[in-house]
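Accompanying notes for the structure given below.
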Amino acid sequence: MSKILVIIPCYNERESIIRVIKDIKGLKENIDYVVINDCSTDDTKDILIRENINYLDLPVNLGIGGAVQLGYKYAMLHDYDIAIQIDGDGQHDTHYIMDLIQPILNGEYDATIGSRFIEKKGFQSSALRRLGIYILSVCISLLYRSKIYDVTSGFRAVNKELICIYAHDYAQDYPEPEALVTAILNKKNIKEVPVQMRERQGGQSSIHSFKSIYYMLKVSLAIIFRRVTIRRVK
């Protein structure tokens, strides 16, 4: 039987984290979880302790990339076969977890992405965010010959090989698109799985208003730079 772990990066998610954990525990499948408390400044840590939630505590704020990478290190250390990443804000519906991991369990794919843009149902994000996602998708498609629509989705799953890769190589700032590039460069097969997402159940997104433009530019440049660097090495 495959060992499966859900990684939950968490920063100031006092309003939603209990519900997220209850949803995971309510699944029929035997799935473990770990919350990565990224030095929350509210009482999230107190809630994790009070509710006896399995968590790792970062002494300084590393951001989403550092928190998720710690989760992959934990998964590698404990020899998990599949790791699933979900957000701590309640946006990701845990009932889609089996849909997400089944192609990996079948040995057909190395990674899956929970995509809101396949069936275009549920919460679709703001128009500005969708524009940024589209540009990043086009950028990855042109540079790496891999078409992925929901490149910023934080709802994803990977097999043991990618767990080990991400434990050692994971972008620290706005990492989701760059993590896809890492998988592509390692010749891993990626599949998008249709899911419906919800609006965040509490807290505040780290990417909002015109910060979305900064996000798009920064990640696009990182993706382009990585392609150029690889060509020079060759």
Side-chain angles (χ1 to χ4, degrees), residues 5-13 34-40 56 58 60-76 80 82-89 91-92 100 110-117 125 129-130 132-141 143-144 146 148-159 161-186 188 190 192 195 197 200 203-208 211-227 229-230:
L5 176 73
V6 178
I7 299 168
I8 311 166
C10 179
Y11 177 72
N12 291 353
E13 303 293 3
V34 62
V35 174
I36 312 298
N37 180 40
D38 193 18
C39 198
S40 295
L56 298 176
L58 286 166
V60 296
N61 180 265
L62 295 182
I64 181 68
V68 171
Q69 186 174 26
L70 178 58
Y72 283 120
K73 288 180 180 292
Y74 178 93
M76 183 178 69
Y80 281 95
I82 295 176
I84 305 148
Q85 179 186 333
I86 70 172
D87 291 345
D89 59 14
Q91 281 190 306
H92 301 147
L100 207 61
D110 304 294
T112 55
I113 309 296
S115 176
R116 73 202 103 174
F117 301 141
S125 192
R129 286 285 297 276
R130 290 198 304 273
I133 293 168
Y134 172 76
I135 292 172
L136 289 172
S137 175
V138 170
C139 186
I140 291 175
S141 179
L143 292 173
Y144 298 93
S146 184
I148 301 168
Y149 292 97
D150 203 347
V151 295
T152 68
S153 171
F155 193 16
R156 51 184 64 191
V158 301
N159 64 8
E161 288 185 12
L162 273 170
I163 287 173
C164 294
I165 289 170
Y166 286 157
H168 295 97
D169 180 14
Y170 203 78
Q172 299 303 296
D173 195 13
Y174 311 129
E176 288 87 359
E178 290 187 68
L180 291 176
V181 169
T182 297
I184 293 166
L185 291 176
N186 280 277
K188 302 304 179 184
I190 305 169
E192 284 190 273
V195 301
M197 295 189 186
R200 69 165 34 245
Q204 184 176 2
S205 173
S206 60
I207 305 173
H208 51 85
K211 197 170 183 180
S212 297
I213 299 174
Y214 167 76
Y215 167 92
M216 179 197 69
L217 292 174
K218 184 180 186 300
V219 177
S220 295
L221 288 173
I223 290 170
I224 294 169
F225 179 77
R226 193 162 184 180
R227 178 78 270 179
T229 302
I230 291 170

So, Asp38 side chain and Tyr11 main chain: donor-acceptor pair closer than 3.5 Å or not?
no
Heavy-atom closest pair (Ile36 atom, Leu70 atom, distance to 0.1 Å) is CG2-CD2, 3.8 Å
When rounded to the nearest 0.5 Å, the distance separating CG of Leu217 from CG of Leu136 is 9.5 Å
Between CZ of Phe155 and CG of Asp150, what distance do you get to the nearest 0.5 Å?
11.5 Å
Closest non-hydrogen atom pair, Ile64 against Pro175
CG2-CD, 3.3 Å
Any idea which heavy atoms bring Ala75 and Leu5 closest together, and the distance?
CB-CD2, 3.7 Å
Nearest-0.5 Å distance that lies between atom CE in Met197 and atom OG in Ser115
7.0 Å
Here the gap from Thr182 atom OG1 to His168 atom NE2, rounded to the nearest 0.5 Å, amounts to 13.5 Å
To the nearest 0.5 Å, atom CG of Asp169 lies from atom CG of Leu162 at 10.5 Å
I need the minimum non-hydrogen distance between Asn61 and Cys39, along with the two atoms involved.
N-CB, 3.5 Å
Taking side-chain hydrogen bond (donor to acceptor under 3.5 Å, both in side chains) as the test, write out the residues that go with Asn186, two or more places apart.
none
Closest heavy-atom pair and its distance - Gln69, Gln172:
OE1-NE2, 3.0 Å
Test log, rule side chain to side chain contact (heavy atoms under 4.5 Å, CB included), inputs Arg226 and Leu185
CA-CA 10 Å; Arg226 193 162 184 180; Leu185 291 176; 3.6 Å; yes
Would you mind reporting whether Leu180 and Arg156 have side-chain heavy atoms less than 4.5 Å apart?
yes
Treating Tyr144 as the side-chain partner and Ile223 as the backbone partner, does any N or O pair qualify as donor plus acceptor under 3.5 Å?
yes
Under 3.5 Å: donor-acceptor pair, side chain of Asp89, backbone of Gln91
yes
Any chance you could measure Ile165, atom CD1, to Met76, atom CE, to the nearest 0.5 Å?
11.5 Å
I need the full list of salt bridge (charged side-chain N to carboxylate O under 4.0 Å, His left out) pairs touching residues 213-223, with sequence neighbours left out, sorted by first then second residue.
Asp173-Lys218
Exam field: side chain Tyr174 to backbone Thr152, donor-acceptor pair closer than 3.5 Å
no
Partners meeting ring pair (Phe, Tyr, Trp, His ring centres under 6.0 Å) with Tyr72 (sequence neighbours left out):
Tyr166, Tyr170
Hey, does the side chain of Ser137 reach the backbone of Val151 with a donor-acceptor pair shorter than 3.5 angstrom?
no
Could you tell me whether a side-chain N or O of Glu192 sits under 3.5 Å from a main-chain N or O of Tyr149, the two making a donor and an acceptor?
yes
Indicate the atoms forming the closest heavy-atom contact of Lys73 with Ala167, along with that distance.
NZ-O, 2.9 Å
